[in-house]
Protein chains: 2
Amino acid sequence: MSNDSDDSCIVKHFESYAELDENSQQLLLSLEEGPEKWPKNTILWQQGDQSDSFYTLSKGWACSFRDLEDGTRQVLDVYVPGDIVGLREFSFRKRITSVVMLSDAELCAFPRHHLDHIFSSSLVLCSVMFMITSRDQAILLERLVNLGRRSAREKLAHFLVELSYRLLRTNAFVENHLSLPLSQSVLADALGLSAVHVSRTFQEFRQEGLLNTGNAHLELLDINGLQSVAGFDEFYLESPISES
Amino acid sequence: MSNDSDDSCIVKHFESYAELDENSQQLLLSLEEGPEKWPKNTILWQQGDQSDSFYTLSKGWACSFRDLEDGTRQVLDVYVPGDIVGLREFSFRKRITSVVMLSDAELCAFPRHHLDHIFSSSLVLCSVMFMITSRDQAILLERLVNLGRRSAREKLAHFLVELSYRLLRTNAFVENHLSLPLSQSVLADALGLSAVHVSRTFQEFRQEGLLNTGNAHLELLDINGLQSVAGFDEFYLESPISES
DNA sequence: TCGACCCTATAACCTAGGTTATCTCTTGCC
DNA sequence: GGCAAGAGATAACCTAGGTTATAGGGTCGA
C-alpha cells in the first residue's frame, strides 16, 4: 500500500508538468491509495454515481462515454497509461459520464476530499492541477473541431495521431509502431461515425500502408502518413506552462 | 476604475458558486480591472497571441472559435453576459482559440499573474475557480455529444435550449421569450452544419411556432417545445458543489 | 470442445445534409 | 443616398456516410 515516490502514479504524472519539492511529493504520496486491478470491460463508474474520487491509470486503457436515449453512445475520451481519470468532474457531486476499461488495467484512487488539503498546503500542486485540467480542455476543444468540421478519414487519422502523441509523452519507450487496444466500434462512437464506415475507411488506410487492423486492436504503421491525412498540428498538446 | 463589490463582474460571477467572505471579495476586487467597451465584430484575441489575462463579460455576447486550414471554422463556445472568457486556456502561454464579439460588449480584464496570489491566499477562491472550469468542461462534453450523435434538428434545439438555461442563470429578469444575437452562420459553425441547412431547419421551426428569425438574431418562442425536440436534460448544467 | 457472442469485412441501398446558385432584404459606410 | 457586404430564403442537385444484411474468424466461459 505504501510506495515511495519513484513508482507513484500520481507523482510521476504531476512531475511531467512541474518539478515537485519534497513536501509536495510527500503530500501527494500520503493521499494516494495503492493500485487496484480492474479487468477489461468492467465499469469504473456510471453516470449518476457518487463522485468521490479520481484515479490515475497506471496500466491499461479506459474510456469515458455517455449513453443516449436512443441507444447510441458517445465516447468522450480515451485514457492511456499515465492519464488521470475523473479529474474533470471532481467538483460535481455526481458523475456526469461513465467510464469503462478497454483492457485489463490498474488504477490508483485519489479520494476527492483530500483536495482541500492540497489546495491549502501546496501552491505548486494547485497550479499543476490547473495545468492538467487546462490540457484536458485543450484536448476536448480539438475533439470538437474534429467532430464538427472534418471528414471521416480526417477524423480517424487525427484521433489516432493524437493518441500516439499522448502515448509517447508518458511511454517514451514505445518504438515506431504502436499497438492500440481499440475496437472499431469504440472509434466509431468516439468520432460520431458508424462502425461500418470505420471499417471501410480502415480498408483504405490498410491499402495505403498506414495501419493494420487486428481483433479489437490496431497497429499504426505510418504515423507521419496519418498525420498528413489529418492535417494534424500538435500545438494544442504542448504542455501548459506555469508563469513562475 | 474602482467599484464596490456589488457591481463587480467577477465577484458576482464567483458568488453564484459559493458565498465569499469579505477577504476574498476584497482580493478579487483589487485584482480586477474596470470595464472596457468592445464593439461588435472586434477580435478580443487570436490563436497564438500571448495569453496574459482572462475576462468577464459584463455586457454583450462573444464566441470563441478556431479557423481551419480549409477556410471553414469551428465555433467552440458562445459566451453570454456574466460568463468568464479565457479561463480555459489561462495556463497556456499562448491562446489556443480566437474570440470575437457577437454584439457590442463590455469586458473586465483579470491579469493572469494575479492567480498565484489567489491560489495562495484564498482557499474558497481556489475551489470556485475549479468549479467554474468543471462546469465549463461539462458544457464542452455535452457539446461533443451534440456534435457526434444528434441530428440537425436536435443539435440546433439542444444548443438553443442550453443557451436559454445559461441566460436564465445570470439574467433572471428575462421573460418567457428570449432574443439571441446569433446569425445562422455562427450557429452552423458551432454545430458542424452548413448555413443553408440551418436556414432550412429554422424554416421548419418557424412553422412549428418554436422560434422567429430576424437579422443576425433570433427569438425563442417556445422553449419547452425546443426542449422536447432536443431531448434536453439539464443535469450537466447543475452547479458544481464544493464538498465543504 | 462447443456454442454464444463479439469483432470485422463487404455489398446493396438510401438519406440527411452539403453544395452551388439566385434573389431579396438589411445594414453599415463613404 | 448610393453601394458594397453581410444575412437570409429557397430551389436543384449531389455525395459522404448511414443502414441493413450476411458471413467468417476469434475468444471465452461452461
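Note on naming: letters A, B, ... go to the chains in the order of the sequence lines (proteins, then strands), and numbering restarts at 1 for each one. Computed from a predicted structure; not experimentally measured.
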**Request:** Send over the distance from Leu156(A) CG to dA16(D) P, rounded to a whole Å.
**Result:** 16 Å
**Atom-pair distance (CD on Gln184(B); P on dT10(D)), nearest Å** = 11 Å
**Item:** Whole-Å gap separating C1' (dG8(D)) and CG (Leu218(B))
**Value:** 12 Å
**Prompt:** Just how large is the angle between the end axes of the helix from dT1(C)-dA30(D) to dC30(C)-dG1(D), five pairs per end, to 10 degrees?
**Reply:** 60°
**Asked** Which residues in residues 190-200 of chain B have at least one heavy atom lying under 4.0 Å from any atom of DNA chain C?
**Response** Gly192(B), Leu193(B), Ser194(B), Val196(B), His197(B), Arg200(B)
**Asked** How many Å lie between CG on Leu187(B) and P on dG8(D), as a whole number?
**Response** 9 Å
**Prompt:** Roughly how far apart are Glu162(B) CD and Leu167(B) CG, rounded to 0.5 Å?
**Reply:** 10.5 Å
**Prompt:** What is the minimum heavy-atom distance between Phe92(B) and Arg135(A), and which atoms define it?
**Reply:** CZ-CA, 4.1 Å
**Fill in**
When every non-hydrogen atom of Glu33(A) is compared with those of Cys108(A), the smallest separation belongs to O-CB, 3.4 Å
**Request:** Would you classify Arg153(A) as touching base, sugar-phosphate or nothing, given that sugar-phosphate means primed atoms plus P, OP1 and OP2, and contacts are heavy atoms under 4.0 Å?
**Result:** nothing
**Message:** Check the phosphate of dT10(C) against Gln203(A), side-chain N and O only, distance under 4.0 Å to OP1 or OP2. Yes or no?
**Reply:** yes
**Message:** Once rounded to the nearest 0.5 Å, what's the spacing between atom CG of Asp136(A) and atom CZ of Arg88(A)?
**Reply:** 4.5 Å
**Asked** What's the NE2-C1' distance between His217(B) and dG8(D), to the nearest Å?
**Response** 14 Å
**Message:** Has Arg149(B) got a side-chain atom pairing as donor or acceptor with Asp67(A)'s backbone, closer than 3.5 angstrom?
**Reply:** no
**Item:** Any side-chain heavy-atom pair of Trp61(A) and Leu180(A) under 4.5 Å
**Value:** yes
**Message:** Holding to side chain to side chain donor-acceptor pair (under 3.5 Å), I want the full list of residues that pass it with His13(B), two or more places apart in sequence or in another chain.
**Reply:** none
**Request:** Find which nucleotide of DNA chain D each of Arg206(B) and Ala152(A) is nearest to by heavy atoms, and output the residue with the more 5' nucleotide.
**Result:** Arg206(B)
**Message:** Can you tell me how far apart CZ (Phe159(A)) and CG (Leu193(A)) are? Round to the nearest 0.5 Å.
**Reply:** 11.0 Å
**Message:** Please encode protein proximity along nucleotides 25-30 of chain D as a string of B, S and -, counting only heavy-atom distances under 4.0 Å.
**Reply:** -S----
**Asked** By side chain to side chain donor-acceptor pair (under 3.5 Å), which residues pair with Ser164(A), not counting sequence neighbours?
**Response** none
**Request:** Measure the spacing between CZ of Phe54(B) and CG of Leu44(B) and express it to the nearest 0.5 Å.
**Result:** 13.0 Å
**Pairwise 5' ranking along DNA chain C for Arg149(A) and Phe202(A), keeping only the more 5' one** = Phe202(A)
**Message:** If I take atom CZ in residue Arg150(B) and atom C1' in nucleotide dA16(C), what distance separates them, rounded to the nearest angstrom?
**Reply:** 17 Å
**Closest approach of Arg166(B) to Val80(B) (non-hydrogen atoms, all atoms of both residues)** = O-CG2, 4.4 Å
**Asked** Are OP1 or OP2 of dT15(C) and a side-chain N or O of Ser151(B) less than 4.0 angstrom apart?
**Response** no
**Complete:** Here the side-chain hydrogen bond (donor to acceptor under 3.5 Å, both in side chains) pairs for residues 38-56 of chain B, sequence neighbours left out, are Ser51(B)-Arg95(B)
**Integer-rounded Å distance: dG17(D) C1' and Leu147(A) CG** = 15 Å
**Asked** In whole angstroms, how far is the P atom of dA9(C) from the CG atom of Asn212(A)?
**Response** 10 Å
